[in-house]
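Structure, as structure tokens:
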Amino acid sequence: MYLDPAFYLRDDVVMIARDLLGKYLCTEINGVVTSGIITETEAYAGTSDKASHAYNGRRTERTETMYRKGGVAYIYLCYGVHSLFNVVTNQEGVPHAVLIRGIKPADGIPEMLNRTGAANLTPKTGIGPGKVTKLLGLHYSMTGRDLTGAEGKAGDRIWIEDRGLKVYDEQLRISARIGVDYAGEDAKLPYRFFISL
DNA sequence: CGGCCGATCCACT
DNA sequence: GTGGATCGGCCGA
């Protein structure tokens, strides 16, 4: 079932990053459904977080999506090559987000292999934020799309389901975030969560 | 308007 | 282990 819209509105983005592990990130692109179990996330804690695009209250056309009410997608282009997918959280005006860094493919695996050109799944399939968007057919042009089902059935859809998979603290690994060395002390924050399935 | 660089990935050595 | 791809965002002039 869909995650309750209230899930995205809570104010602790780090807890939300942890809670997203084990949920199913799903897309329907051109009528084809694909999904994967979320296995790796990172929290980006808004205006006080030097690693965040919204640090110090920065607002640009790109980052405006992060300021929206929790429950929409923030997707942006990284290194001129890769689209990276984030879940926007918290109330409107608070630019928190969770980067999805890894999934384990679940539904629509043939289509996902088709998108990547790979012949088979491997343990590394779906590990890496650029891989996630490639597998699920996400593109930065889809930024701002609603995740809670409020946009109805027209057009491509993105949503997150809870299918009852439990993630226990014993499975959990926590570390500093990847690729944010420029963020000074904030680069050391334990905001990365991952599991192996 | 110019220039630098990034929440990455892959091929190649 | 390393470097190239590739281009929009951002900042300073």
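- In this structure, the ring of A/Y44 has its center no less than 6.0 angstrom from the ring center of A/H53.
- Contact check, A/T60 against C/dG9: no side-chain N or O comes under 4.0 Å of OP1 or OP2.
- When the side-chain nitrogen and oxygen atoms of A/Y182 are compared with OP1 and OP2 of B/dA7, one or more of them lie within a distance under 4.0 Å.
- Residues A/R10 and A/D19 are in side-chain contact: their nearest non-hydrogen atoms beyond the backbone lie under 4.5 Å apart.
- Side-chain N/O atoms of A/R62 include one lying less than 4.0 angstrom from OP1 or OP2 on C/dC10.
- Backbone-only contact: A/V180 has heavy atoms under 4.0 Å from sugar-phosphate atoms and none from a base.
- Among the protein residues, A/L99 comes within range of the nucleic acid bases, having at least one heavy atom under 4.0 Å from a base atom.
- A close approach under 4.0 Å does occur between a side-chain nitrogen or oxygen of A/K131 and OP1 or OP2 of B/dC10.
- The gap from the C1' atom of B/dA7 to that of C/dG1 amounts to 22 Å, rounded to the nearest Å.
- In this structure, the aromatic ring of A/Y44 is positioned over the six-membered ring of the base of B/dA7, centres within 5.5 Å and planes within 30°.
- Proximity of A/R58 to the phosphate of C/dC11: a side-chain N or O atom is located under 4.0 Å from OP1 or OP2.
- The cationic atom of A/R177 (NZ for Lys, CZ for Arg) does not lie both less than 6.0 Å from the six-membered ring centre of A/Y191 and within 45° of the ring axis.
- OP1 and OP2 of B/dA7 both lie 4.0 Å or more from every side-chain N or O belonging to A/R192.
- Using a 4.0 Å cut-off between a side-chain N of Lys or Arg and a carboxylate O of Asp or Glu, A/E42 and A/R101 qualify as a salt bridge.
- Between A/H53 and the phosphate of C/dG9, there is no side-chain N or O to OP1/OP2 separation shorter than 4.0 Å.
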